[in-house]
Amino acid sequence: MNITIEHGHGRVTVAIVRLEGDLDATNYEALIARGRELYDAGSRDILIDLRGVPYMGSSGLVALHAVALLFEGEQLPDLESGWEAHHAIARSVESGRAQEHTKLLASADPADSVRRVLSRTGMDRFIPVATDEAAAIASF
Amino acid sequence: MSDPLALRLQAARLDDLARIRAFVRDGARALGASPEAAGDLVIAVDEAATNAIRHGYRGRPGPIGVEVAREGSGVLVRLVDDAPVFDPTGRPAPDLDLPLETRPFGGMGIHLMRVSVDRLVHRSVGRSGNDLTFFKDLATDPAQDVAPQERTVAG
């Protein structure tokens with residue numbers, strides 16, 4: 001999987017993370033690492049472009065979940081701790097607060113494999129999914 | 001059931017997941033599945049294979065066998081391993097209403113395994129080993145072609 005970074009400009013500057021290739025158990029941590037790098041470098045809004053991802057499994061969902069929390073200012077465990085550490089995260093909740101700094105760009109086809117994974121796991125209810133890049137950037 | 005297409009990996013690693021996905025996709029398509037139905041089988045089998053390698057074999061190489069066959073009105077995929085017995089069919093369903101802040105990381109693999117296919121059956125093989133079968137009914141797939149196309153599948 002290739003990861004490239006661009007920036008879009010609407011009301012705020014948005015880091016656009018473009019993925020090309022399958023997102024699975026072999027590379028999901030690379031996405032988290034890039035998200036962390038962007039956040040540490042000052043990015044506060046991120047659009048993850050999944051249109052070039054033919055396949056995304058549950059490991060990819062972990063990466064999206066982690067990046068979304070990261071961009072809400074949450075602390076994440078050291079990646080070296082591995083998969084079990086990701087399971088062990090617990091945090092306090094500000095009731096009713098919606099996640100607003102991470103959005104996804106995906107195919108407009110609801111039958112698209114990535115769209116189906118997002119839908120079947122309910123992830124698309126908590127991380128907004130856009131199909132138009134310009135509109136997505138303007139929505140931040 | 002038709003003669004199965006078979007893939008045998010003696011020392012499967014996470015790097016083999018792409019090969020397993022391609023085998024399932026190409027095999028299912030060759031047996032008449034629509035791209036969507038084949039994609040659903042890929043999702044389910046990939047999650048199971050990932051679990052076998054990551055958790056069952058604790059990240060070390062281990063044998064995995066995959067078979068794809070036509071059965072009745074659908075396509076059947078069988079995944080066998082020598083990992084400790086783990087039955088995904090009995091695990092509780094995750095709460096999909098949990099927001100990101102309280103939703104546990106992970107845990108969606110088994111859920112995807114179950115909701116992506118019409119039937120999932122687990123058998124333990126002796127004291128160690130799992131035999132999972134995934135069935136996708138093509139007759140109920142709205143995206144199904146009327147006339148499946150002949151395709152060749154690389155072994």
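The model shown is predicted, which means the values in this text are computed figures rather than measured ones. In what follows, chains are A, B, ... by sequence order, proteins preceding strands, each numbered from 1. The basis for the numbers below is simple: all heavy atoms, side chains too, and nothing from hydrogens, waters or symmetry mates.
Using a cutoff of 4.0 Å between basic side-chain nitrogens and carboxylate oxygens, B:Arg114 and B:Glu47 are not scored as salt-bridged. With respect to the salt-bridge test (charged N to carboxylate O, under 4.0 angstrom), the residues A:Asp49 and A:Arg51 qualify. The pair A:Asp124-A:Arg115 fails the salt-bridge criterion, with no side-chain N (NZ, NE, NH1 or NH2) lying under 4.0 Å from an Asp/Glu carboxylate O. Taking the charged nitrogens against the carboxylate oxygens, B:Asp40 and A:Arg120 do have a contact shorter than 4.0 Å, which makes a salt bridge.
Scanning residues 117-136 of chain B against chain A with a 4.5 Å heavy-atom cutoff picks out nothing at all.
Looking at B:Arg21, the atoms closer than 4.5 Å to chain A (heavy atoms on both sides) all sit in the side chain, from C-beta outward. Residue A:Arg125 touches chain B through its side chain alone, counting heavy-atom pairs closer than 4.5 Å. B:Leu14 touches chain A through backbone and side chain together, each having a heavy atom under 4.5 Å away. Looking at B:Ile43, the atoms closer than 4.5 Å to chain A (heavy atoms on both sides) sit in the backbone and in the side chain alike.
By the 4.5 Å heavy-atom criterion applied to side chains, B:Gln10 and B:Pro61 are not counted as neighbours. The closest side-chain heavy-atom distance from A:Leu118 to A:Val129 is below 4.5 Å.
Of all the listed residues (B:Ile110, B:Thr50, B:Leu96, B:Val115), the one sharing the greatest number of non-hydrogen pairs under 4.5 Å with chain A is B:Leu96.
Annotation for A:Arg18: atom CZ counts as buried by contact number, over 12 foreign heavy atoms lying within 6.0 Å.
Under the rule for a side-chain hydrogen bond (donor to acceptor under 3.5 Å, both in side chains), the partners of B:Arg8 that lie at least two apart in sequence or sit in another chain are B:Glu67.
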